[in-house]
S.K.: 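Below is a structure I'd like to ask you about.
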Amino acid sequence: MKKDLTTYNKKRNFNKTKEPKGKKETSRKKLRFVVQHHIARKDHYDLRLEWNGVMKSWAVPKGPSYNRKDKRLAVLVEDHPLSYRNFEGTIPKGEYGGGTVMLFDEGYYEPLSDFKNGLKEGSLKFKLKGKRLKGNWSLICFKDDNWLLIKEVDDTLGFTDIKTIDTSIRTGRTMSEIEKGEKNKKRNTKNTIESIKISNPDKLIYEKPDITKMEVIKYYQAVAKKMLPYLQNRIISTVRCPNGVDGTCFFKKHLENEREGISRIDLLNKDKEKEDYYYITSIEGLISEAQMNSIEFHTWGSTVNNLETPDIMVFDLDPDENLSLKRLRNGVRDLKSILDELKLKAYLKTSGGKGYHVVVPISNVDWEGIREIAKNVAELMEAKWPDKYTSNIRKEKRKNKIFIDWARNTRGATSIAPYSLRSRVNAPVSFPIAWSELDIVKPNEITLKKALKKIKQKDPWLNFRK
């Protein structure tokens with residue numbers, strides 16, 4: 001077993017090849033994998049699994065197969081550096097491994113058994129979480145450095161013929177395009193955002209003004225740093241609009257397939273049946289969802305790490321359609337006055353619709369407790385100003401009043417995430433604003449284009465978690 005990168009470095013002349021120099025790094029908790037298609041003296045695929053600061057590597061002549069009957073030869077070769085997972089290009093002829101290398105798949109993997117002992121004993125079991133390779137696999141050593149790569153039984157499905165996939169997972173280039181060099185790379189990467197290949201980038205999502213799918217995705221890329229703290233690791237429901245916001249849109253709350261930056265969680269419904277939900281873990285997950293035509297992002301009030309302990313309380317002030325904006329703004333101030341009396345720090349955002357949202361960071365309560373607090377606040381407003389507010393969801397009770405929607409503070413309920421677009425005319429955003437902006441900014445005034453300018457200003461929610 002090769003234990004360091006000495007062999008790797010000795011085999012390469014780094015004055016001639018663009019492959020990265022071998023140096024050991026620190027492995028993270030989430031272990032990465034890569035499969036590279038390598039046309040050298042012989043056409044083959046290289047499977048690389050991150051372990052102990054290097055990439056443990058196997059050359060697989062025929063490549064991985066989803067057919068469990070295919071026991072693919074996998075020859076253990078020298079360890080490669082972690083940075084090799086980003087290498088795509090050509091190795092000069094005459095050099096070790098001379099030929100063309102393409103990134104076939106990448107992602108994370110999870111050991112399903114003791115990986116350290118498995119390397120020694122010649123038996124590894126792991127779950128791949130890539131874009132093309134998913135599910136449970138095993139590597140079994142049968143002689144010296146000769147192993148077998150086998151697909152384990154699970155419910156994942158994939159390609160039947162690996163040769164039908166001829167483009168890079170990251171750049172979208174073919175082998176011949178990689179061989180021709182950087183010019184083609186620039187052409188093919190213009191539709192790739194955060195390693196996600198964007199299909200139909202010119203499709204219109206909004207009209208008047210015209211906003212394309214690529215513009216929506218670039219918006220989410222631009223706001224990701226500020227948005228992810230309120231979105232990451234929270235169960236989501238999204239509003240998907242595959243034919244634009246003027247077409248048929250639908251709520252999506254169950255996972256159709258695992259992707260990088262997306263994780264699944266199984267929960268029991270009221271009938272004690274298991275249902276799969278999902279959540280975003282990184283910018284790749286956010287972009288991947290936008291690529292799948294998700295426009296709106298709605299989140300639970302708790303994270304998956306503390307599912308039964310909500311950490312935000314949300315009030316949605318929903319005015320009767322004939323009510324003036326001045327009355328609505330006074331309603332927001334009345335709500336804030338009650339929260340101030342309760343020593344609850346409140347933050348304000350536009351809804352992207354006709355109301356405002358008031359959000360309170362909270363701790364040390366369960367779902368029953370937060371629901372009771374929110375309900376009491378709404379009922380207190382109703383009792384104090386009966387001609388102005390209602391806590392009743394029924395529309396006939398809202399005439400000339402503001403409905404204080406408190407019911408989002410319930411296990412399983414969701415609310416629109418800060419910085420999320422809305423699937424409405426003009427591409428409005430549910431955007432955090434300062435209290436001093438209440439009389440300046442209308443509920444649907446901040447649109448996609450205005451939001452891109454506004455995120456460069458001071459963050460009014462900067463101390464949200466302090």
Side-chain angles (χ1 to χ4, degrees), residues 12 16-20 32-48 55 57-67 70 72-75 77 80 83-108 128-134 149 151 157-203 212-214 217-218 221 257 259-261 284 287-288 290-292:
R12 288 161 178 84
K16 294 183 179 180
T17 180
K18 291 183 179 179
E19 295 166 282
R32 291 162 290 198
F33 86 91
V34 69
V35 172
Q36 285 154 316
H37 187 183
H38 188 178
I39 298 181
R41 187 169 53 86
K42 290 185 177 179
D43 188 347
H44 66 281
Y45 294 78
D46 293 303
L47 168 65
R48 310 193 196 282
M55 285 289 197
S57 298
W58 288 262
V60 186
K62 292 185 178 180
S65 171
Y66 271 90
N67 187 342
D70 292 337
R72 292 289 166 84
L73 174 66
V75 181
V77 297
H80 283 52
S83 54
Y84 208 90
R85 74 185 190 280
N86 297 314
F87 179 68
E88 179 173 274
T90 54
I91 303 169
K93 288 182 180 179
E95 294 302 301
Y96 177 75
T100 307
V101 176
M102 181 183 80
L103 290 168
F104 176 82
D105 198 19
E106 60 184 349
Y108 297 93
L128 294 181
K129 300 176 181 179
K131 299 180 182 75
R132 292 169 174 167
L133 293 167
K134 308 174 191 296
L149 176 63
K151 181 72 185 72
L157 299 172
F159 51 81
T160 54
D161 181 3
I162 197 168
K163 293 298 182 184
T164 61
I165 304 173
D166 61 357
T167 56
S168 165
I169 195 68
R170 191 180 295 185
T171 66
R173 296 186 295 172
T174 63
M175 279 291 197
S176 61
E177 286 173 330
I178 294 168
E179 195 173 359
K180 288 172 187 173
E182 295 303 307
K183 187 175 179 182
N184 283 323
K185 179 177 179 180
K186 288 174 185 171
R187 190 190 76 216
N188 284 279
T189 56
K190 70 178 183 179
N191 293 335
T192 302
I193 305 290
E194 300 294 336
S195 302
I196 308 298
K197 186 73 186 296
I198 309 305
S199 61
N200 303 316
D202 299 324
K203 179 171 65 177
T212 66
K213 180 178 178 180
M214 181 59 85
I217 290 172
K218 284 187 174 179
Q221 183 186 33
N257 61 347
R259 288 165 269 133
E260 187 171 356
E284 289 86 357
I287 300 304
S288 174
Q291 149 62 17
M292 300 290 285

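When a residue number appears, it is its place in the shown sequence, counting from 1.
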S.K.: May I have the list of side-chain donor-acceptor pairs in residues 94-104 shorter than 3.5 Å, sequence neighbours left out?
M.R.:
from, atom 1, to, atom 2, distance (Å)
Tyr96, OH, Lys11, NZ, 3.4

S.K.: With Glu194, which residues qualify under salt bridge (Lys or Arg N to Asp or Glu O under 4.0 Å), at least two apart?
M.R.: none
S.K.: Kindly write out the residues that satisfy side chain to side chain donor-acceptor pair (under 3.5 Å) with Ser288, not counting sequence neighbours, or none if the list is empty.
M.R.: Arg259
S.K.: To the nearest 0.5 Å, what is the distance between CD1 on Ile196 and CZ on Arg170?
M.R.: 10.5 Å
S.K.: The criterion is side chain to side chain donor-acceptor pair (under 3.5 Å); which residues satisfy it with Lys16, sequence neighbours excluded?
M.R.: none
S.K.: Should we say atom NZ of Lys163 is surrounded by more than 12 heavy atoms from elsewhere, each under 6.0 Å from it?
M.R.: yes
S.K.: Lys151: which residues meet the salt bridge (Lys or Arg N to Asp or Glu O under 4.0 Å) condition with it, sequence neighbours left out?
M.R.: Asp154
S.K.: Under the rule for side chain to side chain donor-acceptor pair (under 3.5 Å), what residues qualify as partners of Asp166, not counting sequence neighbours?
M.R.: none
S.K.: Taking only residues two or more places apart in sequence or in another chain, which ones pass side chain to side chain contact (heavy atoms under 4.5 Å, CB included) with Ile39?
M.R.: His37, Asp43, Met175
S.K.: Whether Arg32 and Glu106 form a salt bridge (side-chain N of Lys/Arg under 4.0 Å from carboxylate O of Asp/Glu) is what I want to check.
M.R.: no
S.K.: Tell me, please, which residues at least two apart from Ala290 pass side chain to side chain contact (heavy atoms under 4.5 Å, CB included).
M.R.: Ile217, Tyr220
S.K.: I'd like to check the salt bridge (Lys or Arg N to Asp or Glu O under 4.0 Å) partners of Lys213; sequence neighbours left out, ordered by chain and number.
M.R.: none
S.K.: Holding to side chain to side chain donor-acceptor pair (under 3.5 Å), I want the full list of residues that pass it with Tyr84, two or more places apart in sequence or in another chain.
M.R.: Glu19
S.K.: As an exercise, state the distance from CZ of Phe33 to CG of Leu133, rounded to the nearest 0.5 Å.
M.R.: 5.5 Å
S.K.: For Asp202, give me all partners under side chain to side chain contact (heavy atoms under 4.5 Å, CB included), at least two apart in sequence or on another chain.
M.R.: none
S.K.: Not counting sequence neighbours, which residues clear salt bridge (Lys or Arg N to Asp or Glu O under 4.0 Å) with Arg72? List them please.
M.R.: Asp70
S.K.: Are the side chain of Asp46 and the backbone N or O of Val35 linked by a donor-acceptor pair below 3.5 Å?
M.R.: no
